[in-house]
Amino acid sequence: MTETREGLDAPTVPKLFVNEHTASDESNTVIDVNKLDVHYGTFCAVRGVSMKIKENRVTAFIGPSGCGKSTVLRCFNRMNDLIPGARVTGEINFFGQDLYAAEVDPTEMRSRVGMVFQKPNPFPKSIYDNVAFGLKVNGYTGNYPDAVERSLKRAALWGEVKDRLKENALQLSGGQQQRLCIARALAPEPEVLLMDEPASALDPISTLAIEQLINDLCKDVSIIIVTHNMQQAARVSHETAFFMVNDDRAGYLVEFDDTSKIFTNPNDERTEAYITGRFS
Amino acid sequence: MSDPTTDDGEPRFRRRSKTWEGGAVKWLFLACALVSILTTVGILVSLVINAWGFFTEIPIWDYLFGTRWSPILKPRDYGVLPLVSGTLLVTLIGALVAVPIGLASAIFLSEYAPDRLRRIIKPVLEILGGIPTVVYGYFALTWVTPQIQKILPDLLVFNALSAGLVLGLMIIPMVSSLSEDAMLAVPRSLKQAAYALGATRLEVSISIVVPAALSGVIAACIIGISRAIGETMLVTIAAGATPKLTLNPLESIQTMTAYIVQLSLGETPHGSLEFNTIFAVGLLLFFMTLVMNVGGHYVVRRWGLRYE
Amino acid sequence: MRSPSSFNHHLGRRKILGSIALVMFMSSVVVGILGLVVLLAQILFQGLEWLSPELIFNFPSRHPEQAGLKAAIFGTVWLMGLTAAFTVPVGVGAAIYLEEYASENWLTRLIEVNIANLAGVPSIVYGLLGLALFVQWLSMGRSVLAGALTMSLLVLPIVILASREAIKAVPETYRQAAFALGATKWEVVRSVVLPSASPGVLTGIILAMSRAIGETAPVIAISALVYLTFIPQNPLDRFTVLPIQIFNWIARPQEDFRGLAAGGIIVLLIILLSMNALAVFLRNRYQKQSVE
């Protein structure tokens, strides 16, 4: 039931709590990627990516433009299905279930994987309706106002909007809009939250708010964040994946490790060159 | 600063005295642009002056609210309501056909159809929009009416129903293409956000795309309906020439536009009261379509959402 | 992990709804296309047997088998020629003014709003304008000149809008390059902007003309007479055009004239389709060039 979230402090459900603080290799694997290739028509955008993403951690994808990090991210909720000519091969296991298996319905699967986009993209509806949209389409059976309030609180937006829930979401500031989009993504209670450069269109203060939010949220959601900003990756993530693009413009995974290791003592010299800013 | 000169004092660059030419050209082009304003003024003036001749003899009240229109045959009556009801009846039937079909086509083309299919369908719909209206009139009279008569044997040869149905067919491309433009302008990021929340294609189309494009969609419908109000040849050919205050689509009626054509074809002397009726009817028609068009633009400006 | 019980996805129901909706959306498109197909089939079925040299080369007649479109075809050619002669310079000039010269002020906005509204005025109202202004006040009579002036005003918004689009599409760098060489504004417009924009402008003109060929109502208001057995010799002669002749035949009760009308429609549609094909051809060539 929904009190899984509410009962974070209750002693009966300590599992998530423990996970967050011990933050160790014992974490479950949420997404297990095996030899992932993505083609657009004949063009190979991503080649041979294998990685295990862990539960209740923040995983950052970094790398130069065109390295396929966003493309890989969009495989995790099958958004690439919407692009004509896109073809995904390899395996992506989501809690042990192959996402691209024939019997998996992308519609239902997407409700279990939230996504936040680069630019804030609230629907031109009221704040309330924005958050309730995901509840409605997924047939939420509980109390809607409570669920909307809970999601807005989790996105640290409740205090700012609780008196103006009926106002059009486009009237919020950019940073507020992005937190609304986070609240909207959290409403269907996803297990994984994908964030595609969520702060790149925001000012520094809003960016800080989003980063703090990521820190809080990862207690009960696994977060994967694509970022251009290496400091941001270092600040918010537990683990970092570094992607590069090879000569025929296909992206590939170079290194995937603890964030502290990637930023202080990477195994691969290309990672080190990128981290230290020798190419971008 | 002085012109740069060569050693012998001659100016190196001669400033060509072409400023007058540039100015004259500019005024000439402005005059071209002003033709459009003169057109509007001309329409208003010519309608009002000739309609004035009519209204000096027939009180405007009797014209606007009279329920019998018989300007040529005695007893003469100049109540325009039968013509207005005829116009609205045909327009309503047309809108009932064109709005749902046009919107559904627009949703299909913008949200469902693969690019290749859209590139085939759109020109076909454009052809439909480019066919002269006499042709639609011919179609309504010689094909649609006989087909309906197979089901409703009492249907008259000239009737509002066939004219309205074919009128609907005629404005489908307009409603569809303008709404599709509005739907295509909805940012992809909104649709993606909805898909990412687990919405189906239908849910994205109905709950995100259509509401976000609503102002454009409404404007498309208004402009299509305004076009239907002003449509002339189709209703002249197929809807009949009997002004009648009725909402029965099976009857023969006359629209405002069809009356203007009917009178233009006769040998009515210029300046007579009968002749001036067409300007009174034209003036009312002009205002009806003007209100709709201005309303359409207002909807877009007032409620149109601006996306970056 | 979340407990699944708080969401009831109703996936089956949503999928069925989605399929029903898709079928409805698709059938709407099919209705539109089917309407076109039936319309064309009906006209071909009724009119093909009436296509003959007499239809093209004869004057109208009381006897359907001798009746032809000669007067209407020549009237249409006259009307189109004069209409183009008035519309093209004025329409392109207005577009140049709005795109190249006009500054952001109330006059420009007024002109723009006005053009948008003119595009929505019913064509029969233009006919009344022409009847009052050209036929009566300027004493042109029910002449081809009055008809052409009226038709010009009617299609002017189309030419202006299309020309503006074409001029807008000329890259700003072209203008800057010409200005940098010391060209005046008018020289830039004449030697850089207009040549680059000409395919788009031409497309707009063809589309406007094809609209004008099919227009019937305003020409009826001007010309009225639809039974002519002569060809206009000068701009002040009376005239008739193809769609009016077709309308005249449709309006007759005899079955044979209906067939004749269908034959006339086929002639009209062939002219229109070839003009549209030409416009599409020009647009495609133009688009390819601008990509290269």
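No hydrogens, no waters, no symmetry mates; every other heavy atom, side chains included, goes into these values. Being a predicted model, the structure only gives us computed values, none of them experimental. Here is the naming used below: chain letters follow the sequence lines, and residue numbers restart at 1 for every chain.
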Original post:
Looking at B:G230, B:G198, B:S105, which makes the most heavy-atom pairs under 4.5 Å with chain C?
Top reply: B:S105

Original post:
Which atoms of C:E100 come close to chain B, meaning under 4.5 Å heavy atom to heavy atom: side chain ones, backbone ones, both, or neither?
Top reply: neither

Original post:
With distance as the sole test, does C:Q42 use its side chain to make a donor-acceptor pair with the main-chain N or O of B:F139 at under 3.5 Å?
Top reply: no

Original post:
To the nearest 0.5 Å, what is the distance between CG (B:L38) and CG (C:L133)?
Top reply: 10.0 Å

**OP:** Side chain from CB out, backbone as N, CA, C, O: work out which of these in B:A140 comes under 4.5 Å of a heavy atom of chain C, or both, or neither.
**Re:** neither

Original post:
What closest approach, in Å, do C:M26 and B:F108 show between heavy atoms, and which atom pair accounts for it?
Top reply: CG-CE1, 3.0 Å

Original post:
Is it the side chain or the backbone of B:S226 that comes within 4.5 Å of chain C heavy atoms, both, or neither?
Top reply: side chain

**OP:** Heavy-atom distances under 4.5 Å only: say whether B:L202 touches chain C with side chain, backbone, both or neither.
**Re:** side chain

**OP:** Write down the atom of C:A94, the atom of B:C32, and the distance for their closest heavy-atom approach.
**Re:** N-CB, 3.4 Å

Original post:
Of the listed residues (B:E203, B:R201, B:R227, B:E231), which shares the most heavy-atom pairs with chain C below a 4.5 Å separation?
Top reply: B:E203

Subject >> Which atom of C:L128 lies closest to which atom of B:G282, heavy atoms considered >> reply: CD1-CA, 3.6 Å

Original post:
Contact part of C:L268 toward chain B, heavy-atom cut-off under 4.5 Å: side chain, backbone, both or neither?
Top reply: side chain

Original post:
Can you say whether B:Y138 sits under 4.5 Å from chain C via the side chain, the backbone, both, or neither, judging by heavy atoms?
Top reply: both

Subject >> Which atoms of C:V30 approach chain B - backbone, side chain, both or neither, heavy atom under 4.5 Å >> reply: neither

Original post:
What residue, out of B:L125, B:I237, B:T257, has the most heavy-atom pairs lying under 4.5 Å from chain C?
Top reply: B:I237

Original post:
Can you tell which of B:L263, B:I172, B:L109, B:L141 has the highest number of heavy-atom pairs within less than 4.5 Å of chain C?
Top reply: B:L141

Subject >> Shortest non-hydrogen separation from B:V134 to C:G214 and the atoms involved >> reply: CG2-O, 4.4 Å

